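Below: one structure, written as structure tokens.
Since this is a predicted model, take the numbers as computed values, not measurements.
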Amino acid sequence: MSRRTGRRAGLLAACSLVITATGTLAGCGSGDSSSSPAGPELKVTGAYMPAPSMDTMAAGFFTVTNSGGADTLTSVTSDLSDDVTMHATVDGAMEEKKSFVVPAQGTLDFASGGNHLMFAKLTHKPGQGEKVSVELHFAKSGTVRISMPVKPATYTPKTGR
């Protein structure tokens, strides 16, 4: 074997080793989804607002279903009000909350008699059939925009919410 052929064979062997090592290392990277927890996968359903009886205040309800990792609802905004707050009902009393956890593989319900949104200082009194634009702000998932239809004041969803 000539010196030139030997050098070429050595160079090819070295390149082959580098390519093989690179492929092996790439397989061990952090992009392997089985080694990291899944992010949240949120779906918002059942949103509605009972037609408000007052010109200045309204409530809102919905369900967040999460088929991934945990997330946190951190705030809510709407064109209907600059003052939208989140509340829980604790021992029959309304209590304002700064955030709500959306559990991994679970649900977060905002339902009549339980967790709910309060819209204060309304820009106008929404009427039955109107749709209110609402933005839900989550720590990991970012902003989720929903349309909340205004239902009759006595509306009861089929799910019991």
Side-chain angles (χ1 to χ4, degrees), residues 22-161:
T22 302
T24 302
L25 290 174
C28 297
S30 62
D32 183 5
S33 63
S34 64
S35 65
S36 63
E41 292 181 32
L42 308 179
K43 181 178 179 184
V44 180
T45 58
Y48 75 97
M49 173 182 285
S53 58
M54 298 183 278
D55 292 343
T56 58
M57 193 167 273
F61 307 103
F62 56 92
T63 298
V64 180
T65 304
N66 185 1
S67 58
D71 204 345
T72 303
L73 177 61
T74 58
S75 66
V76 179
T77 55
S78 175
D79 292 341
L80 182 63
S81 170
D82 288 335
D83 187 9
V84 183
T85 53
M86 300 180 290
H87 295 264
T89 303
V90 180
D91 297 327
M94 188 170 74
E95 186 176 294
E96 187 173 340
K97 298 288 187 180
K98 294 289 183 197
S99 64
F100 281 88
V101 172
V102 185
Q105 304 296 321
T107 60
L108 170 62
D109 286 321
F110 277 69
S112 183
N115 301 333
H116 58 279
L117 299 180
M118 291 301 302
F119 298 77
K121 303 173 192 164
L122 304 179
T123 59
H124 70 280
K125 183 179 176 181
Q128 187 175 324
E130 188 175 332
K131 292 188 178 179
V132 175
S133 178
V134 176
E135 293 183 342
L136 307 174
H137 305 279
F138 294 92
K140 294 179 183 173
S141 299
T143 301
V144 174
R145 290 171 183 79
I146 63 171
S147 181
M148 190 173 277
V150 179
K151 300 287 189 177
T154 58
Y155 176 73
T156 303
K158 291 178 183 162
T159 59
R161 285 188 204 49

Measuring from atom NE2 of His87 to atom CZ of Phe100, what distance do you get when rounded to the nearest 0.5 angstrom?
8.5 Å

Just list the side-chain donor-acceptor pairs under 3.5 Å for residues 139-148, sequence neighbours left out, or say none.
| residue | atom | partner | partner atom | Å |
| --- | --- | --- | --- | --- |
| Lys140 | NZ | Ala70 | O | 3.3 |
| Ser141 | OG | Asp71 | OD2 | 2.6 |
| Thr143 | OG1 | His137 | ND1 | 3.0 |
| Arg145 | NE | Glu135 | OE2 | 3.1 |

Using a 6.0 Å cut-off, check whether atom CG of Asp82 has over 12 heavy atoms from anything other than its own residue.
no

Which atom pair, heavy atoms only, marks the closest approach of Ala111 to Phe61?
C-CD2, 3.4 Å

How far does NZ of Lys151 sit from CE of Met49, to the nearest 0.5 angstrom?
13.0 Å

Pairwise side-chain contact, Phe138 with Val64, heavy-atom cut-off 4.5 Å (strictly under):
yes

Of all heavy-atom pairs linking Asp55 and Lys125, the shortest is OD1-CD, 3.0 Å

Donor-acceptor pair, side chain of Ser78 and main chain of Ser133, under 3.5 angstrom:
yes

Considering only heavy atoms from C-beta outward, does the side chain of Gln105 approach that of Pro103 to under 4.5 Å?
no

Donor-acceptor pairs under 3.5 angstrom involving side-chain atoms of residues 113-123: please list them, not counting sequence neighbours.
| residue | atom | partner | partner atom | Å |
| --- | --- | --- | --- | --- |
| Asn115 | ND2 | Asp109 | O | 3.0 |
| His116 | ND1 | Gly114 | O | 2.8 |
| Thr123 | OG1 | Leu80 | O | 3.3 |

So CG of Leu73 and CZ of Phe62: to nearest 0.5 Å the spacing works out to 5.5 Å

Which heavy atom of Pro126 sits nearest to which heavy atom of Val132, and what is that distance?
CB-CG2, 4.3 Å

List in chain and number order the residues that pass salt bridge (charged side-chain N to carboxylate O under 4.0 Å, His left out) with Glu95, two or more places apart in sequence or in another chain; answer none if no residue qualifies.
Lys97

To the nearest 0.5 Å, what is the distance between CE (Met57) and OG (Ser81)?
9.0 Å

Pairwise distance OG1(Thr74) to CG(Leu136) - rounded to 0.5 angstrom:
9.5 Å

